[in-house]
Amino acid sequence: MWEIYKKEFLELARDKRTLIFTILLPTLIMPMIIGGVVFVSAKMVKKAESEVLTYAIVNEQAMPEVAEMIRAQDNFKEITLEPDADLTLSIQEQKIKFAVVIPENAKQVLDAGEQIQLELYFNNASVTNRIYQRVKSVVDDFSEGHQKLLLAEMGLSDAQFKGLTKPVDIKRINTADKREDFGEKFGGFFPYILLILTLTGAMYPALDLGVGEKERGTLETLLLTPVSRTSVVLAKFLVIFTTGFLTVFMTLASLLIWMIVFGQVMAFSVIQKLADIVHVSDILLMFLMLTPVAAIFASLLLCASIYAKNFKEAQNYMSPIMMLSIIPIIFSILPGVKLDSTWAWVPLTNVALAIKEILKGTIDYGMMGIIFLSTTLVAGALLYFCNLWFNRESVLFRS
């Protein structure tokens with residue numbers, strides 16, 4: 001069995017595609033993609049906040065103070081439009097970025113102590129749009145100043161004003177520490193990446209060791225060797241498990257290295273927070289929880305690869321397997337789904353929830369034992385079925 005294992009593993013190690021999926025993808029490509037997305041997003045937000053905004057003000061004479069405050073802002077450029085210009089059309093034609101319409105009776109309404117409503121025309125389709133926030137900050141400054149004048153005229157203090165407008169308020173006190181709060185918000189996304197990488201790391205070797213041998217015509221030669229079919233299945237399973245396991249290891253090791261590097265030289269707040277809360281012991285716990293998951297994927301993929309008649313059919317089986325693997329992971333992200341004695345027995349969902357709890361620092365070690373046991377049982381059952389599958393001539397030589 002071990003001779004077959006070494007032979008199959010060495011052949012995979014010489015394959016460039018295996019190196020890409022097992023080493024480059026988790027260690028370089030994925031971190032670069034994630035880091036690139038974070039970097040580009042930060043640059044786009046910064047650009048949107050500093051972008052020069054062309055604007056127009058309608059009925060400026062009704063509230064000249066607001067108009068002057070807008071003019072005083074950096075990167076605001078006023079454009080004069082025709083009196084009867086269509087504001088929506090002007091924005092669509094890129095003549096202006098936004099327009100502020102002031103009610104004609106604004107001064108009288110304000111003097112009466114009532115509220116006025118300014119109309120802000122802008123295109124809000126862009127995700128990085130900051131027009132509303134930038135204009136609102138100006139209006140808020142004006143509102144604060146006007147509010148203080150009104151309070152002074154009425155002889156009211158800020159405390160009395162709060163008592164009139166909002167007699168009872170609620171002060172939120174978050175009992176969760178920073179790690180638990182961060183883990184709850186970002187803990188759903190992290191296991192999704194790890195589990196999918198585990199699956200993709202085992203997918204290509206499974207195709208090569210199953211249907212790949214059928215197409216190359218080497219399966220018959222392998223079956224003629226004085227080795228039991230169970231040993232052959234175990235050897236192939238261990239090779240696929242090793243590649244999936246290696247992908248997990250490389251991913252977690254890469255995560256640790258990239259967190260140290262980015263935490264020192266880059267100003268990515270999310271990565272810095274992750275580096276502060278995740279310790280080596282947490283990485284080892286995640287590594288332990290993902291080990292039986294790699295075994296589940298190895299068994300499942302090998303079953304599909306053995307059953308397939310050709311490489312194309314095997315690839316068609318990979319998409320449903322991918323979808324069936326993603327659905328349980330999505331369950332772990334749903335509101336109200338918590339790690340308990342019920343979810344601890346649901347394959348993949350339980351591991352995703354466990355990784356989330358590890359990030360939060362609230363993992364129950366007794367529950368971890370249940371999860372490890374349940375995932376190991378599922379992996380063992382799939383491996384047993386795979387062995388039965390491999391011992392059927394009708395499966396091995398389907399036509």
Side-chain angles (χ1 to χ4, degrees), residues 18 21-31 34 183 186-206 237-259 274 277-302 321-322 324-333 337 339 343-383:
T18 303
F21 283 106
T22 306
I23 298 177
L24 291 181
L25 182 64
T27 58
L28 293 176
I29 299 175
M30 285 302 297
I34 295 173
F186 294 94
F189 176 74
F190 188 62
Y192 177 86
I193 294 295
L194 289 180
L195 292 172
I196 294 302
L197 279 175
T198 306
L199 178 61
T200 55
M203 189 173 293
Y204 175 75
F237 163 78
L238 287 174
V239 172
I240 300 169
F241 171 79
T242 302
T243 56
F245 193 73
L246 183 61
T247 303
V248 176
F249 175 78
M250 297 298 291
T251 300
L252 294 178
S254 170
L255 172 69
L256 188 61
I257 295 170
W258 282 91
M259 282 194 307
L274 194 60
I277 67 174
V278 177
H279 308 295
V280 175
S281 59
D282 300 317
I283 298 290
L284 293 176
L285 282 177
M286 294 180 200
F287 187 70
L288 177 65
M289 297 307 299
L290 288 170
T291 301
V293 173
I296 289 176
F297 288 150
S299 302
L300 186 61
L301 292 170
L302 184 57
I321 290 175
M322 180 74 77
L324 289 173
S325 303
I326 291 175
I327 291 173
I329 304 172
I330 293 176
F331 284 152
S332 66
I333 308 175
V337 178
L339 183 58
W343 286 107
W345 291 95
V346 180
L348 300 185
T349 305
N350 53 8
V351 175
L353 289 172
I355 294 175
K356 184 177 180 180
E357 294 296 321
I358 291 171
L359 286 176
K360 291 168 61 178
T362 57
I363 186 66
D364 183 342
Y365 292 99
M367 203 67 69
M368 269 189 66
I370 296 175
I371 295 170
F372 190 85
L373 175 63
S374 64
T375 49
T376 302
L377 289 174
V378 172
L382 286 172
L383 181 58

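Reckoned from all heavy atoms, side chains included, excluding hydrogens, waters and symmetry mates.
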What pairs meet the side chain to side chain donor-acceptor pair (under 3.5 Å) rule with one or both residues in residues 357-366, with sequence neighbours excluded?
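Sorted result for residues 357-366: Glu184-Lys360, Glu357-Thr362.
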To the nearest 0.5 Å, what is the distance between [atom1] on [X] and [atom2] on [Y]?
| X | Y | atom1 | atom2 | value |
| --- | --- | --- | --- | --- |
| Leu302 | Phe241 | CG | CZ | 14.0 Å |
| Leu238 | Thr243 | CG | OG1 | 10.5 Å |
| Ile196 | Met322 | CD1 | CE | 5.5 Å |
| Tyr204 | Ile240 | OH | CD1 | 12.0 Å |
| Thr198 | Leu246 | OG1 | CG | 11.0 Å |
| Ile296 | Leu290 | CD1 | CG | 10.5 Å |

Heavy atoms, side chains only, cut-off 4.5 Å: are [X] and [Y] in contact?
| X | Y | result |
| --- | --- | --- |
| Leu348 | Ile326 | no |
| Leu339 | Ile363 | yes |
| Leu199 | Leu301 | yes |
| Met286 | Leu359 | yes |
| Met289 | Ile358 | yes |
| Val346 | Phe331 | no |

Tell me the closest heavy-atom pair linking Ala379 and Pro292, and the distance in Å.
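Where Ala379 meets Pro292 most closely, the heavy atoms are CB-O, 4.0 Å.
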Minimum heavy-atom distance Pro347-Pro328, with the two atoms named:
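Shortest heavy-atom contact: O-CB, 3.6 Å.
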Extract all donor-acceptor atom pairs below 3.5 Å that involve side chains of residues 367-375 and protein atoms in other chains or at least two apart in sequence.
residue: Ser374; atom: OG; partner: Ala344; partner atom: O; Å: 3.2
residue: Ser374; atom: OG; partner: Asn350; partner atom: ND2; Å: 3.1
residue: Ser374; atom: OG; partner: Ile370; partner atom: O; Å: 3.2
residue: Ser374; atom: OG; partner: Ile371; partner atom: O; Å: 2.9
residue: Thr375; atom: OG1; partner: Ile371; partner atom: O; Å: 2.8
residue: Thr375; atom: OG1; partner: Phe372; partner atom: O; Å: 3.1

Tell me the salt bridge (Lys or Arg N to Asp or Glu O under 4.0 Å) pairs involving residues 186-201, sequence neighbours left out?
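Those involving residues 186-201 do not exist here.
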What salt bridge (Lys or Arg N to Asp or Glu O under 4.0 Å) pairs are there with at least one residue in residues 238-249, not counting sequence neighbours?
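Pairs touching residues 238-249 that pass the test: none.
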Sequence neighbours left out, what passes side-chain hydrogen bond (donor to acceptor under 3.5 Å, both in side chains) with Ser325? Give chain and number order.
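side-chain hydrogen bond (donor to acceptor under 3.5 Å, both in side chains) list for Ser325, sorted by chain: empty.
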Counterpart residues, side-chain hydrogen bond (donor to acceptor under 3.5 Å, both in side chains), relative to Thr376 (two or more places apart)
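Thr376 satisfies side-chain hydrogen bond (donor to acceptor under 3.5 Å, both in side chains) with no other residue.
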Excluding sequence neighbours, so at least two apart, what forms side-chain contact (heavy atoms from CB on, under 4.5 Å) with Ser332?
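Residues passing side-chain contact (heavy atoms from CB on, under 4.5 Å) with Ser332: Ile329, Thr349, Ala352, Leu353.
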